[in-house]
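Structure, as structure tokens:
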Amino acid sequence: MPDADLIVRNGTVLTMDPRGTRIDGGFVAIRDGALAAVGQGAAAAEWTAPDAIDARGGIVLPGLVNTHTHAAMTAFRGLADDLPLMTWLEEHIFPAEARLDTEKVRSGSLLACAEMILSGTTCFCDMYLFEDAVAQAAASAGVRAVVGEVLYDFPSPHYGPPEAGLAFTEALADKWKDHPLVSVAVEPHSPYLCAPELLRRSAEVARRLGLPIVIHLSETAQEVETVRNRYGCSPVEHLERLGLLGADLLACHCVALGETDMDLLARYDVKVAHNAESNMKLASGVAPVPALLERGVCVGIGTDGCASNNNLDLFGEMDTVAKLHKVQASDPTVLPAETVLRMATIEGARALGMADRIGSLEPGKRADLIVVDTAKPHLTPMYRPASHLVYAARGGDVDTMIVDGRVLMRHRRLATVDLEEVTRAVLDWAGGLGRPAQG
Ligand SMILES: [Zn+2]
């Protein structure tokens with residue numbers, strides 16, 4: 001009788017494998033942090049394990065992958081809403097960020113980890129300041145993360161002069177290189193905040209160390225105009241000239257794209273992080289996701305930071321993504337639920353270069369999965385699990401989460417984050433930020 005460490009049984013298993021296999025009354029056996037078996041319930045009897053989780057008829061699926069966020073910005077949630085992008089950034093976000101330090105970023109990131117665990121996200125890709133603190137938060141919460149220190153042409157509140165940014169990134173990559181959950185990316189902010197030399201050097205470091213590159217790209221029409229004025233081409237063409245386009249580049253937003261840009265992204269196998277709610281809230285526009293998918297571009301889903309979303313709930317984000325593109329195309333058949341669910345799981349994993357390890361429930365992959373409780377009025381009855389997950393479920397319906405074989409939440413109880421302590425730590429420094437001035 002084969003041994004496992006943990007068995008999850010009695011669920012509808014959506015494997016998200018290439019055939020879209022669904023197993024009713026299925027089970028998952030986990031050993032040494034990996035999936036040892038995924039199959040029909042009857043076969044579960046062949047396995048022994050010291051621990052078992054009853055999915056109680058719910059849906060078992062790969063954990064969701066958030067391909068773009070700024071985790072510590074949980075502390076700025078609701079600080080400044082309903083403002084033009086530059087006013088929002090320059091008068092509210094940048095001044096708040098100038099006062100950040102390691103401890104603040106760590107507590108803000110831990111709060112984000114708690115929110116992600118409670119809403120089904122097992123892996124996130126982060127861009128921020130003091131990124132070692134984000135890595136520490138993810139590692140202690142047990143969440144999988146790709147972290148990268150934001151690089152730009154002006155001094156950072158963290159590493160100081162611009163030239164220190166890449167050195168810090170290299171040290172960060174070295175520190176975390178053998179960690180089972182945390183990996184590092186090289187993350188120049190954008191073509192409009194990074195000079196060509198910084199972009200070129202970022203690519204050189206990334207490729208020398210075998211790290212992915214993450215960048216904000218073509219987020220707004222204004223960015224395209226700025227780059228055109230400076231360099232005489234679109235932001236995507238600019239990156240092509242500098243040698244950045246490649247299968248290891250994750251481009252976040254990609255809202256303002258022309259046909260040539262989309263062809264370039266497809267030709268170089270560039271990955272895209274789609275952030276529908278952030279783009280809507282900042283009125284940046286609608287990324288041409290159906291056209292990208294038609295070209296075979298890999299598109300994952302991101303929430304962006306909490307100051308422009310204002311939450312990290314990928315269930316809500318999937319709902320928005322599916323509906324936004326229907327209304328944009330005046331076509332209800334665009335982006336069906338199954339496609340959007342793939343974007344939030346296996347395609348997100350592919351976007352981060354991790355599809356060989358996570359994103360689907362197949363033997364040999366790491367055991368990153370969630371159980372969604374469907375015994376609820378708003379999820380009864382259930383004809384198509386994918387439809388429920390995209391259009392009806394919310395993050396709060398996630399009952400249990402396992403990452404790398406470790407149970408991070410069991411029946412809504414957090415196992416790795418002391419929520420009371422984290423909440424207190426964030427309120428200690430962020431509580432007064434939004435208070436109106438005296439007098
Ligand atoms: Zn962003």
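Just follow the structure's listing: the first ligand is 1, and inside any ligand the first atom is 1.
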Indicate yes or no for a side-chain donor-acceptor contact from [X] to the backbone of [Y] under 3.5 Å, with no hydrogens or angles considered.
| X | Y | value |
| --- | --- | --- |
| D126 | A71 | yes |
| R77 | N310 | yes |
| D368 | V403 | no |

Worksheet, complete the sentence: Atoms of type N, O or S from the protein that sit nearer than 2.8 Å to the Zn ion (ligand 1) number exactly 4
Worksheet item: Do NZ/NE/NH1/NH2 and the carboxylate oxygens of R208 and E170 come within less than 4.0 Å?
Response: yes
Fill in: side chain to side chain donor-acceptor pair (under 3.5 Å) evaluation trace for W176 with S183
CA-CA 6 Å; W176 293 93; S183 58; over 6 Å; no
Worksheet item: For E163, does the CD atom sit with more than 12 other heavy atoms under 6.0 Å from it, leaving out its own atoms?
Response: yes
